[in-house]
Asker: 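Attaching a single structure in structure tokens format; questions to follow.
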Amino acid sequence: MLEELAAQGHELPQLILDYRSVSKLRSTYTEKLPTLIHPATGRVHTSYHQAVAATGRLSSSDPNLQNIPVRSPEGRRIRRAFIPADGHVLLAADYSQVELRIMAHLSGDEGLKKAFAAGEDIHAATAAEVFGGRPAEVTADQRRAAKAINFGLIYGMSAWGLARQLGIERGEAQDYVDRYFERYPGVREFMDNTRSSARDKGYVETVFGRRLYLPEINSRNNQRRQYAERTAINAPMQGTAADIIKRAMIAVDDWIRRDAPETALVMQVHDELVLEVPAGSEEKMAEKIRGFMADAAELDVPLEVEIGVGENWETAH
DNA sequence: GGTTCAAGCGCG
DNA sequence: AAAGCGCGCTTGAACC
């Protein structure tokens with residue numbers, strides 16, 4: 001793996017990775033998107049598909065606008081090309097930690113629910129529980145490790161995977177996981193119950209009852225069965241998040257049709273809605289959108305929405 | 001000219 | 001032996 005070699009300080013692997021990265025940005029975005037501008041509208045138009053992703057997410061293609069770069073500075077320059085119509089500004093509204101909130105709801109874990117109710121930085125709170133100390137005293141490394149644990153839980157990751165991700169020994173990663181489950185016993189119960197229920201019923205479901213069937217959950221092939229088990233853990237969280245943002249989109253659309261004809265819902269990126277709103281109306285619009293998104297479901301923890309406004313998709317974040 | 005596959009990488 | 005969920009696009013190789 002080039003990443004491992006690069007992490008050890010070797011220059012050539014890093015050079016290759018850097019080349020691949022800029023090459024990807026150039027071929028997929030910088031050189032391609034301008035050729036896809038529709039002559040009649042002056043915009044790029046994606047297609048959203050409602051029956052592709054097994055979890056109930058939308059997918060986007062031709063072009064895919066759900067994978068526009070954002071993680072690197074070079075990538076973010078591409079986001080600046082996404083601008084609103086004249087007289088409008090872009091408004092980007094993201095659910096904050098929605099899948100972990102859903103995990104808190106589904107598991108009923110008191111510690112996790114309490115952390116979200118208190119509006120804590122969830123990764124810092126997790127780090128404080130796992131490593132000891134107060135959330136405010138958590139080190140950057142501890143928070144990074146806790147974040148990896150939190151994401152790993154959503155994906156059904158093993159201690160081996162966590163060790164690999166964090167570059168630590170397997171035993172140490174297992175200690176982290178053990179301590180996590182000591183502190184958040186409801187989460188372990190939820191994981192066990194989810195696997196067990198999936199084996200009995202052959203499917204898992206979201207908070208709103210949409211099912212994903214898992215025909216390989218009882219396979220004698222370990223690899224296939226374990227894959228199905230990870231899917232069983234992940235799908236209720238990813239799928240419930242998908243259900244929630246779809247409900248929010250319907251509420252937003254109803255409101256736009258009734259009361260905000262100058263506003264347009266222009267993109268959805270799994271936990272984010274992007275709108276163009278008339279310049280000058282952004283503060284009022286932001287609170288409207290926040291309300292629709294936060295009220296799209298009544299969970300045992302609050303849904304929080306982060307909203308930014310800007311003259312392009314980069315500055316709106 | 002086309003299709004299919006795997007590898008690799010962009011995003012949540 | 002494998003080992004972290006869900007997607008779509010580009011590239012290059014193999015093939016028709």
Side-chain angles (χ1 to χ4, degrees), chain A residues 1-3 13 16-33 35-36 44 46-72 74-79 82 92-100 102-103 147-166 170 173-174 177 191 194 198 204 206 212 214 219-245 267-274 306 313-314 317:
Chain A
M1 287 262 301
L2 291 176
E3 277 165 33
I16 293 170
L17 290 170
D18 291 345
Y19 172 80
R20 284 181 184 168
S21 171
V22 294
S23 180
K24 178 81 175 181
L25 296 181
R26 190 191 49 173
S27 64
T28 307
Y29 307 103
T30 310
E31 287 180 351
K32 184 55 63 71
L33 288 174
T35 73
L36 301 175
V44 291
T46 187
S47 296
Y48 287 109
H49 310 283
Q50 210 165 2
V52 171
T55 54
R57 278 188 173 182
L58 301 185
S59 81
S60 160
S61 72
D62 307 298
N64 183 357
L65 296 186
Q66 291 179 324
N67 72 344
I68 300 301
V70 70
R71 295 176 187 173
S72 72
E74 297 77 17
R76 281 193 290 277
R77 294 175 62 188
I78 290 164
R79 290 215 163 200
F82 288 77
D94 289 72
Y95 281 113
S96 165
Q97 305 296 351
V98 63
E99 291 182 5
L100 281 176
I102 292 163
M103 187 168 84
K147 187 175 177 178
I149 295 169
N150 281 329
F151 273 95
L153 287 165
I154 291 170
Y155 299 150
M157 188 169 57
S158 65
W160 184 93
L162 181 64
R164 203 161 175 280
Q165 160 98 24
L166 292 176
R170 212 208 93 102
Q174 187 63 57
V177 173
M191 303 277 172
T194 299
V204 291
T206 67
L212 177 63
L214 299 166
S219 172
R220 266 68 68 201
N221 180 314
N222 291 332
Q223 196 176 335
R224 292 183 177 208
R225 187 182 62 254
Q226 287 165 8
Y227 183 19
E229 287 175 356
R230 293 194 295 274
T231 304
I233 298 295
N234 175 259
M237 294 182 272
Q238 186 178 132
T240 298
D243 291 345
I244 290 173
I245 196 165
M267 286 187 286
Q268 187 256 42
V269 191
H270 308 306
D271 67 351
E272 170 184 10
L273 298 180
V274 182
E306 295 179 348
W313 198 7
E314 186 198 20
H317 274 279

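Proteins come first, then strands; the chains are lettered A, B, ... in the order of their sequence lines, and each starts at number 1.
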Asker: Where do A:Ala92 and A:Glu272 come nearest, in terms of heavy atoms and distance?
Answerer: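 Nearest pair, atom of A:Ala92 first, then A:Glu272: CB-OE2, 3.6 Å.
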Asker: Over how many whole Å does the gap from A:Leu65 atom CG to C:dG8 atom P extend?
Answerer: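 Distance, rounded to whole Å: 13 Å.
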Asker: Provide the closest heavy-atom pair for A:Asn234 versus A:Thr55 in the form atom of the first, atom of the second, distance.
Answerer: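 Smallest heavy-atom distance, with atoms named: OD1-CG2, 4.5 Å.
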Asker: For A:Tyr48 and C:dG8, give me the distance from atom OH to atom P, rounded to whole Å.
Answerer: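 To the nearest whole Å, that distance equals 13 Å.
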Asker: Using a 4.0 Å heavy-atom cut-off to protein, can you give one letter per nucleotide of nucleotides 9-14 of chain C, 5' to 3': B if the base is in contact, S if only the sugar-phosphate is, - if neither?
Answerer: BSS---
Asker: Assess whether one donor atom and one acceptor atom, taken from the side chain of A:Arg71 and the base of B:dG10, lie less than 3.5 Å apart.
Answerer: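 Absent.
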Asker: Just how far, in rounded Å, is P of C:dA1 from CZ of A:Arg224?
Answerer: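 Taking atom P of C:dA1 as the reference, CZ of A:Arg224 is at 18 Å.
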Asker: Here's a test for you: under side-chain hydrogen bond (donor to acceptor under 3.5 Å, both in side chains), which of A:Ser60, A:Ser59, A:Ser61 qualifies with A:His49?
Answerer: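 That would be A:Ser61; it is the only one of A:Ser60, A:Ser59, A:Ser61 passing the side-chain hydrogen bond (donor to acceptor under 3.5 Å, both in side chains) with A:His49.
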Asker: In this structure, how many angstroms lie between the C1' atom of C:dG6 and the CD atom of A:Gln268, rounded?
Answerer: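 Answer to the nearest Å: 13 Å.
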Asker: Separation of A:Ile68 atom CD1 from C:dG8 atom P, in whole Å?
Answerer: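 The answer, rounded to whole Å, is 14 Å.
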Asker: Using whole Å, report how far CG of A:Leu162 lies from P of C:dA2.
Answerer: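 Going from CG in A:Leu162 over to P in C:dA2 covers 21 Å.
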Asker: If the P atom of B:dA6 is compared with that of C:dA3, how far apart are they to the nearest Å?
Answerer: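 These two P atoms come out 15 Å apart once rounded.
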Asker: Rounding to a whole Å, what distance do you find between A:Glu99:CD and C:dC7:C1'?
Answerer: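 In whole Å, C:dC7 C1' and A:Glu99 CD are 13 Å from each other.
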Asker: Does a distance-only test, which skips hydrogens and angles, find a donor-acceptor pair under 3.5 Å between the side chain of A:Gln238 and the base of C:dC5?
Answerer: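 Present.
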Asker: From CG of A:Leu17 over to P of B:dA7, roughly how many Å is that when rounded to an integer?
Answerer: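 Going from CG in A:Leu17 over to P in B:dA7 covers 17 Å.
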Asker: Check whether A:Tyr48 reaches the backbone of A:Gln268 with its side chain - one donor and one acceptor, N or O, closer than 3.5 Å.
Answerer: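 Yes, the answer is positive, given that a donor and an acceptor are paired below the 3.5 Å cut-off.
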Asker: Given that both distances must come in under 3.5 Å, which nucleotide forms a Watson-Crick or G-U wobble pair with C:dA2?
Answerer: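 Check on C:dA2: unpaired, no WC or wobble geometry under 3.5 Å.
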Asker: Quick one: label A:Ala235 by what it contacts on the DNA or RNA (base, sugar-phosphate, nothing), any heavy atom closer than 4.0 Å.
Answerer: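 No contact.
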Asker: Do any N or O atoms from the side chain of A:Arg79 and from the backbone of A:Pro69 form a donor-acceptor pair under 3.5 angstrom?
Answerer: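 It does hold such a pair.
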Asker: Toward the 5' end of DNA chain C, which comes first, A:Thr231 or A:Asn222, by nearest nucleotide?
Answerer: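 Here A:Asn222 is the residue nearer the 5' end.
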Asker: Taking A:Pro236's backbone N and O only, do any of them form a donor-acceptor pair with A:Thr206's side chain (distance below 3.5 Å, no angle check)?
Answerer: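 Absent.
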Asker: Give A:Ile154 one of three labels, base, sugar-phosphate or nothing, depending on what nucleic acid heavy atoms sit under 4.0 Å from its own.
Answerer: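 A:Ile154: no heavy atom of the nucleic acid under 4.0 Å.
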Asker: Base, sugar-phosphate alone, or nothing: which one does A:Arg230 contact when heavy atoms must sit under 4.0 Å apart?
Answerer: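 Counting heavy atoms under 4.0 Å across all strands, the contact made by A:Arg230 is with sugar-phosphate only.
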Asker: If you look at every heavy atom in A:Leu33 and A:Val44, which pair is closest and at what distance?
Answerer: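 Here A:Leu33 and A:Val44 meet closest at O-CG1, 3.7 Å.
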Asker: Give a yes/no on whether any side-chain N or O of A:Arg20 is located under 4.0 angstrom from OP1 or OP2 of B:dC9.
Answerer: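 Yes, such a contact exists.
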Asker: Which nucleotide in the set B:dC11, C:dA2, C:dG8 lies at the smallest distance from any side-chain heavy atom of A:Gln223?
Answerer: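 Looking only at side-chain atoms, A:Gln223 lies closest to C:dA2.
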Asker: Among the candidates B:dG12, C:dG8, B:dG10, find the nucleotide nearest to the side-chain atoms of A:Ser59.
Answerer: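 Nearest listed nucleotide: C:dG8.
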Asker: Classify A:Tyr29 by what it touches in the nucleic acid, base, sugar-phosphate, or nothing, heavy-atom distance under 4.0 Å.
Answerer: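 Result for A:Tyr29 = sugar-phosphate.
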Asker: Between A:Asn222 and A:Gln226, is there a side-chain donor-acceptor contact under 3.5 Å, judged purely by atom types and distance?
Answerer: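 Their side chains do not contain a donor-acceptor pair, so the 3.5 Å distance test is not met.
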